[in-house]
Novice: 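Sharing a structure with you now.
Only heavy atoms go into these numbers, but all of them, side chains included; no hydrogens, no water, no symmetry mates. In the text below, chain A, chain B and the rest are named by the order of the sequence lines, each starting its count at 1.
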Number of protein chains: 2
Amino acid sequence: MKTVSARRPVENKPAKVRRRDREKTKAEILQIAFEEFAESGLLGANADAIAAKAGITKRLIFYYFNSKEELFIAVLEMAYGKMRLAEEDLHLATLEPEAAIRRLAEFTFDFHQANPEFVRLVAIENIHRGRHIQRSEKLTQMTRPIIGQIERVLAKGKSLGAIRPEIDAHELHMTLNALSIFSVANRHTFEAQFRWDMTSPSATTRRRAEITEVLWRYVRSDERSATVDQ
Amino acid sequence: MKTVSARRPVENKPAKVRRRDREKTKAEILQIAFEEFAESGLLGANADAIAAKAGITKRLIFYYFNSKEELFIAVLEMAYGKMRLAEEDLHLATLEPEAAIRRLAEFTFDFHQANPEFVRLVAIENIHRGRHIQRSEKLTQMTRPIIGQIERVLAKGKSLGAIRPEIDAHELHMTLNALSIFSVANRHTFEAQFRWDMTSPSATTRRRAEITEVLWRYVRSDERSATVDQ
DNA sequence: CTCGCAATTATCCAGCGGGTTAATTAAAAA
DNA sequence: TTTTTAATTAACCCGCTGGATAATTGCGAG
C-alpha cells in the first residue's frame, strides 16, 4: 500500500465524501448563500447559482430551508451570531475610560472593514425594511453583549468624571455604528461624488483615527469650566 | 350649464388630456420610477407597475429611457439634482462658526429625514457598487456646492480659533452624512435589535440634537491649552 | 384639409428562476 | 442480509418580466 502523495493522507472514501451529512451540507449551503445574498441581494441571489457553487442540487436548498426567504433569514441569523461572538471577545472592563472608548471605536471600525459582506447584508435587510429580522425568533431574542459593555464603560467613566453624564449607551452605539458602517456601506456613491479614496490603507487608517477622535471628543467631559451654558 | 362643483373649473378636454407632451410624460415616468426603485430596488421594481401607476404603456418607458438600467440612472440624476438644489439654499457664510456647523448638521439631518426614499435609493445604488452613478456623465460631473460651503465655514472658524486646524471638509462631510443617513437607512435592523424607537418625534428630536453635538464637539478647538500635542 | 412625424398603444415572446414531483441511493436499523 | 428512513438527484413546470414588433393616433406644419 504505497501512498502516492506522502503529504496528503489518503482517505478511505474517495472523491464524493462528505455527503449524506445533514449538518455539514446545511452549513455549506448557508455559507455560499451568505456570499450570494451579500453580493446580489435577496432578489438578485440565484438558487441555481447557490446550488452550483455548493456542489449540490437546487432541490436540496428547499429541502433544508423551505424557501429562499427562510434561507435568507437563516443567513442573517448566522451572520449576526458571528458578530455577537466577536463582541464577546472585547474586554473593555479592565481599561480606563478613554482607552476603553478608543478601543471600542477601533474594534467596531475594524470589524466592519473586515466584514464588508456582513455590512452589505445588513443594508439589504434594511432595504427590505427589516422584514426578516423581525420574523426570526432567534434574532429578536439575541442580545448584544456590546451594549452591556458600553454601559459599564460609561458608568465607570462617569463616576470618574471623565465622561459626560448625559451620554447614553444606545445613542453612543448608534453614533459609532453609523460612522463605522458608512465607510463600508456608502463607499461607492461617496467615492463617485467626491473622487475620494476610501479603500486605500492610508485613507482607512486616517478614517479610523478620525472616527475614534469623534467618539472620544463626544463623550469626554468638559473639564474647562463648570458653567458651560452660562 | 350648471357646474356641479363650483370649485374646480371645468376643463375643455375631458379625462385624457395632458398626453402627447414629451417632457411632461418623461417627468411623470421619472417620478413614479423614483418611487418604485426606492421602494423595491433595481430588480424589485417592475416596469409594468411603473407604467400602470404612471397611466401609460410599458412600451413608453423603453421608448424614452431605452432600458430599466438607464431609467434607473435617470432617476439617480434627478434625485441627486434635487439634493444639490436644496444645498444651494443653505447660506452658511453669514453665520458664526458654531452656528454654521450646527445649522449644517441640522439641515443635513432634516434633509435625510424628509427624504427617506432618496436615502434608500442611495443605499440601493451602493449595493450595486455605484455602477450606475459611475456610468452617468451628469453625476460624475455634478459638483456638490455643500463642500465649498463647508470649506468656507472651516476656514473662517480656523482663522478665528474656534475650529481645530486639522479638520478636513471631506472628512467632516463624511462624518455628518454617516450620522444623518444611518438614522434613516439602518432604522429597521437597529430597531429590531435594540427595541429602540427611531421614528417618533421625540426620538428624532433627540437624535438631531445628539448629532449636532457630536459634530460641534468634533470640530471645535480645545481652548483649554495651547500645547495639546506636547 | 391632409400629410408626416412623433407619441402612444396593443400584443406577443422567450428566458429566467423559484419551487415541485417523483425517483434514487446511501447509510442506519433490524 | 433485508428493511427502513432520510439525503440527494434529475427533470419538469409555470408565472413573471424585460424587452421587441408593429400598428395607431394625435398634432403641428404646409
Side-chain angles (χ1 to χ4, degrees), chain A residues 11-76 124 128 131-132 135, chain B residues 11-37 39-75 124 128 131-132 135:
Chain A
E11 295 183 331
N12 295 343
K13 298 156 190 171
K16 56 177 179 178
V17 197
R18 110 184 184 285
R19 276 292 119 70
R20 300 270 155 166
D21 183 337
R22 187 181 179 85
E23 293 314 313
K24 193 166 187 178
T25 302
K26 280 176 71 173
E28 284 174 7
I29 293 175
L30 224 40
Q31 178 57 31
I32 303 287
F34 168 70
E35 293 162 18
E36 289 291 302
F37 281 129
E39 178 58 37
S40 316
L42 178 54
L43 285 76
N46 179 275
D48 283 298
I50 294 172
K53 289 186 188 173
I56 51 153
T57 315
K58 182 171 61 170
R59 183 64 184 82
L60 218 42
I61 295 173
F62 294 93
Y63 177 66
Y64 284 120
F65 297 97
N66 303 314
S67 71
K68 199 186 189 185
E69 206 134 338
E70 282 179 61
L71 175 59
F72 186 72
I73 292 174
V75 164
L76 280 178
I124 288 163
H128 293 280
R131 190 168 80 228
H132 313 91
R135 197 176 300 173
Chain B
E11 296 183 331
N12 295 342
K13 298 156 189 170
K16 57 177 179 178
V17 197
R18 111 184 183 284
R19 275 294 118 73
R20 300 272 156 165
D21 183 335
R22 187 180 179 84
E23 294 313 312
K24 193 165 188 178
T25 302
K26 279 175 72 173
E28 283 173 8
I29 293 174
L30 225 40
Q31 177 58 31
I32 304 286
F34 168 70
E35 292 162 19
E36 289 291 302
F37 281 128
E39 178 59 37
S40 315
L42 178 53
L43 284 76
N46 181 277
D48 284 298
I50 294 172
K53 289 185 188 173
I56 52 152
T57 315
K58 183 171 59 170
R59 183 65 184 85
L60 218 41
I61 296 174
F62 294 93
Y63 177 66
Y64 284 120
F65 297 97
N66 303 314
S67 72
K68 199 186 186 183
E69 206 133 337
E70 282 179 58
L71 175 60
F72 186 72
I73 292 175
V75 164
I124 289 163
H128 292 281
R131 191 169 78 228
H132 313 91
R135 197 175 301 173

Novice: Whether A/Thr25 contacts D/dT8 is assessed here as follows: a side-chain N or O lying under 4.0 Å from the phosphate OP1 or OP2. Is that the case?
Specialist: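 Result: yes.
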Novice: Quickly work out the B/Glu28 CD to C/dT8 C1' distance and round it to whole Å.
Specialist: 14 Å
Novice: Any pair with a residue in residues 42-70 of chain B that passes ring pair (Phe, Tyr, Trp, His ring centres under 6.0 Å), sequence neighbours left out, goes on the list, sorted by first then second residue, please.
Specialist: none
Novice: Atom pairs, N/O to N/O, protein against nucleotides 1-4 of chain C, distance under 3.5 Å?
Specialist:
none

Novice: When you measure from the side chain of B/Thr57, which nucleotide among C/dA6, D/dT9, C/dA10 comes out closest?
Specialist: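 The answer is C/dA10, which lies nearest to the side chain.
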Novice: Can you sort out the partners of A/Thr57 under side chain to side chain contact (heavy atoms under 4.5 Å, CB included), two or more places apart, ordered by chain and number?
Specialist: A/Arg59
Novice: Does anything in residues 39-50 of chain B pair up under salt bridge (charged side-chain N to carboxylate O under 4.0 Å, His left out), and if so which pairs, sequence neighbours excluded?
Specialist: A/Arg129-B/Glu39, B/Asp48-B/Lys58
Novice: Provide, to the nearest angstrom, the distance between the CG atom belonging to B/Asp21 and the C1' atom belonging to C/dT8.
Specialist: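 Atom CG in B/Asp21 sits about 13 Å away from atom C1' in C/dT8.
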Novice: Any donor-acceptor pair, under 3.5 Å, between the side chain of A/Arg20 and the base of C/dT25, if you only look at N and O atoms?
Specialist: yes
Novice: Nearest whole Å is fine: how far is C/dA7 P from B/Glu23 CD?
Specialist: 9 Å
Novice: Are A/Ile56 and A/Ile50 close enough, and set up right, to give a side-chain contact (heavy atoms from CB on, under 4.5 Å), and what steps lead you there?
Specialist: CA-CA 9 Å; A/Ile56 51 153; A/Ile50 294 172; over 6 Å; no
Novice: Just the rounded figure in Å: distance from C1' of C/dG18 to CZ of A/Phe72.
Specialist: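 Result: 16 Å.
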Novice: Would you give the length of the straight line joining atom CD of A/Glu28 to atom CG of A/Leu60, rounded to the nearest 0.5 angstrom?
Specialist: 10.5 Å
Novice: Just jot down the side chain to side chain contact (heavy atoms under 4.5 Å, CB included) partners of A/Glu70, sequence neighbours excluded, or say none.
Specialist: A/Asn66, A/Ser67
Novice: About how many Å separate NZ of B/Lys24 and CD1 of B/Ile29, when rounded to the nearest 0.5 Å?
Specialist: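 Going from CD1 on B/Ile29 over to NZ on B/Lys24, the span is 13.5 Å.
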Novice: Within this structure, what is the NZ-to-C1' distance between A/Lys24 and D/dT8, rounded to whole angstrom?
Specialist: 16 Å
Novice: Using a cut-off of 4.0 Å between protein heavy atoms and nucleotide atoms, how would you tag nucleotides 15-21 of chain D 5' to 3' with B, S and -?
Specialist: --SBBBB
Novice: Once side chain to side chain contact (heavy atoms under 4.5 Å, CB included) is applied, do any residues pair with B/Ala49, and if so which ones, sequence neighbours excluded?
Specialist: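 In terms of side chain to side chain contact (heavy atoms under 4.5 Å, CB included), with neighbours along the sequence ignored, B/Ala49 is linked to B/Glu36, B/Asn46.
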Novice: List for me each residue that meets side chain to side chain contact (heavy atoms under 4.5 Å, CB included) alongside A/Arg131, sequence neighbours excluded, and say none if there are none.
Specialist: A/Leu42, A/Glu69, A/His128, A/Arg135
Novice: Please enumerate all residues that pass ring pair (Phe, Tyr, Trp, His ring centres under 6.0 Å) together with B/Phe72, with sequence neighbours excluded.
Specialist: B/Phe37, B/His132
Novice: What contact category does A/Tyr64 fall into here, base, sugar-phosphate, or nothing, at under 4.0 angstrom with non-hydrogen atoms?
Specialist: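 Sugar-phosphate contact only - A/Tyr64 comes under 4.0 Å of backbone atoms but never of a base.
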Novice: Tell me the bend of the helix from C/dC1-D/dG30 to C/dA30-D/dT1 as the angle between end helix axes, each from five pairs, rounded to the nearest 10 degrees.
Specialist: 10°
